[in-house]
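The next block holds one structure in the form of structure tokens; read it before the comments.
Below, all heavy atoms of this structure are taken into account, side chains as well, without hydrogens, waters or symmetry copies. Along the sequence shown, residues carry numbers from 1. The model shown is predicted, which means the values in this text are computed figures rather than measured ones.
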Amino acid sequence: MAEVLVLGAGMVGVTTGLALQARGHQVTIIDRGSPGRETSYGNAGLIQTEAVEPYAMPLQPAALIQIAMGRGYDVKWNVPGLAAQVGAVWKYAVNSLPAAHRRASVTWGKLIRQSTERHGPLIAAAGADNIIRRDGYIELHRTAAKLQKAQKNAERFMTEFGVQARLIDGAELRAMEPSIKADILGATHWSDSWNSSDPGALVAAYAALFQRQGGRIVNGDAGDLHRKGNAWVADEATGEHAVVALGPWSPMLTARFGLKVPMVYKRGYHRHYRMEAAPHHPIADFGNSVVFSPMRRGLRIATAAELTLHPRSTPPQLRHGEEAARELFDLGSPVEAEPWTGRRPCMPDMLPLVGRIPDQPNLWAHFGHGHQGFTLGPVTAEILADELDGGEGWEALQPARLKARKG
């Protein structure tokens with residue numbers, strides 16, 4: 001048994017604590033805030049077993065022109081936000097080319113298909129079943145071309161990964177979702193994905209389970225990490241091992257220990273809206289670059305990515321998402337006075353860092369999950385915990401790959 005410090009109390013950090021705890025280790029989680037209140041809180045609530053390919057940058061000429069001109073809503077940017085990470089964005093674009101993207105998808109698909117299997121026992125043990133739905137989500141298609149492409153994708157995902165999905169026409173969509181008032185040609189029902197009506201509460205429930213089982217959560221400065229003799233110390237906690245699971249804040253810490261991490265920071269927004277009759281499933285409207293999720297607080301409208309240093313008080317992506325929502329639903333007024341915003345920590349090669357940090361005794365990385373930290377936290381936590389216990393880990397996820405490429 002070892003004493004382990006886990007830095008960060010999001011989904012990735014908390015599930016790391018649980019995975020290590022299950023192996024008999026004494027674990028302390030350190031975070032400046034409450035569990036699940038940062039990036040883990042701000043997603044669409046999806047546990048996406050169907051997301052077997054990481055999100056690639058659109059590289060078609062028409063898409064690039066639209067992004068450059070600021071006309072679309074899939075990716076927004078401004079000059080300071082792009083300039084601050086232009087190198088990482090360029091590498092992300094290179095890795096979005098077909099051959100590199102296929103290589104990443106081989107590893108990614110193996111990870112993502114384990115997600116509900118890993119979440120299931122934790123949900124049961126944490127008593128969080130009341131905020132989980134296991135009936136998938138719906139992706140809308142407005143044109144025959146989009147519907148045909150969706151059919152091919154669903155068939156390919158089923159053949160290659162075993163993803164369960166079916167296409168439905170407009171009449172079946174209206175029967176499943178009577179709150180939709182617009183005429184939609186068809187949709188894909190991704191039936192084996194799960195979703196949570198309160199993502200932050202799910203992380204908090206996992207954290208409470210961790211504490212009931214003897215784990216300790218310290219409200220403190222994880223960025224204070226330093227060596228003291230053979231031990232790692234952060235705030236007032238000490239451990240033989242330390243795991244960096246600080247999401248978008250991780251590179252600032254690992255740089256102090258010789259690991260420079262290029263990262264693309266995609267900012268997202270969401271806001272809740274009142275509805276008398278909310279949809280039964282999350283609704284992905286990728287044509288408008290938005291996801292509508294029924295949550296405890298109301299209908300959550302979650303946006304796509306923005307490359308910016310500072311959040312906007314009235315983000316155009318969220319404004320556009322609200323307009324799209326009003327076409328579909330009888331949408332009420334906003335619940336919050338201002339939208340929530342947070343950053344998604346995306347690696348340029350689209351795979352998270354999970355494993356030992358080179359040249360640092362017993363220092364571990366567990367971050368960089370991009371859009372899928374909420375989904376993948378328990379999966380990669382098992383991989384890291386196994387390696388910490390002497391296992392081989394996953395070569396494709398090792399932090400050492402960054403130094404190898406540099407050399």
Closest non-hydrogen atom pair between [X] and [Y], with its separation:
X	Y	value
Ala237	Ile30	CB-CD1, 3.8 Å
Ala245	Val12	CB-CG1, 4.1 Å
Ala325	Leu331	CB-CD2, 3.8 Å
Ser115	Val379	CA-CG2, 3.6 Å
Gly370	Arg344	O-CB, 3.8 Å
Leu318	Pro339	CD2-CB, 3.4 Å

Flag yes if more than 12 heavy atoms outside [X] fall under 6.0 Å of its [atom1] atom; otherwise flag no.
X	atom1	answer
Glu336	CD	yes
Glu172	CD	yes
Lys110	NZ	no

Ring-ring centroid check [X] [Y], cutoff 6.0 Å:
X	Y	result
His369	His371	no
Phe329	Phe292	yes
Tyr41	His270	yes
His281	Tyr137	no

Check against side chain to side chain donor-acceptor pair (under 3.5 Å), Ser197 and Arg133:
CA-CA 8 Å; Ser197 62; Arg133 308 184 196 90; 4.8 Å; no
Could you tell me whether a side-chain N or O of [X] sits under 3.5 Å from a main-chain N or O of [Y], the two making a donor and an acceptor?
X	Y	result
Thr308	His310	yes
Arg256	Met252	no
Glu327	Ala182	no
Lys181	Arg326	yes
Thr16	Ala381	no
Arg300	Asp198	no
Thr188	Glu139	no
Asp285	Val290	no
Asp235	Gly220	no

Start with the C-alpha distance between Asp221 and Arg32, add both sets of side-chain angles, then the distance that settles salt bridge (Lys or Arg N to Asp or Glu O under 4.0 Å), and finish with yes or no.
CA-CA 6 Å; Asp221 182 11; Arg32 63 184 180 185; over 6 Å; no
Drop me the distance from Tyr206's OH to Thr15's OG1, to the nearest 0.5 angstrom.
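Rounded to the nearest 0.5 Å, the OH-OG1 separation comes out at 8.5 Å.
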For the CZ atom of Arg216 and the CD atom of Gln21, what is their distance to the nearest 0.5 Å?
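Between atom CZ of Arg216 and atom CD of Gln21 there are 13.0 Å.
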Please examine the side chains of [Y] and [X], heavy atoms only from C-beta on, and report whether any two atoms are closer than 4.5 Å.
X	Y	value
Val4	Thr28	no
His25	Leu388	yes
Pro282	Leu46	yes
Arg174	Ile180	no
Phe367	Val261	yes
Arg401	Leu351	yes
Ile112	Thr49	no
Trp364	Leu384	yes

Thinking salt bridges, do [X] and [Y] make one under a 4.0 Å N-O criterion?
X	Y	result
Arg113	Asp192	yes
Asp129	Arg134	yes
Arg312	Glu306	yes
Asp349	Arg103	no

Checking [Y] against [X]: is there a side-chain donor and acceptor pair closer than 3.5 Å?
X	Y	value
Arg319	Thr314	no
His101	Ser96	no
Gln114	Glu382	no
Arg274	Ser333	yes
Ser193	Gln48	no
Tyr269	Gln317	no
Trp108	Glu53	no

For the residue pair Phe257 and Trp232, does the interplanar ring angle fall in the parallel (under 30°), tilted (30 to 60°) or perpendicular (over 60°) class?
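The rings of Phe257 and Trp232 stand perpendicular, inter-plane angle above 60°.
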How far apart are the C-alpha atoms of Gln164 and Glu50, what are their side-chain angles, what is the distance that settles it, and do they pass the side chain to side chain donor-acceptor pair (under 3.5 Å) test?
CA-CA 8 Å; Gln164 298 297 313; Glu50 95 299 338; over 6 Å; no
Tyr55 vs Gln372, side chain to side chain donor-acceptor pair (under 3.5 Å): CA-CA, chis, key distance, verdict
CA-CA 10 Å; Tyr55 180 81; Gln372 298 292 357; over 6 Å; no
Using the side-chain contact (heavy atoms from CB on, under 4.5 Å) rule, take Lys266 and Val75 through it: C-alpha gap first, then chi angles, then the decisive distance, then the call.
CA-CA 9 Å; Lys266 300 179 184 179; Val75 180; over 6 Å; no
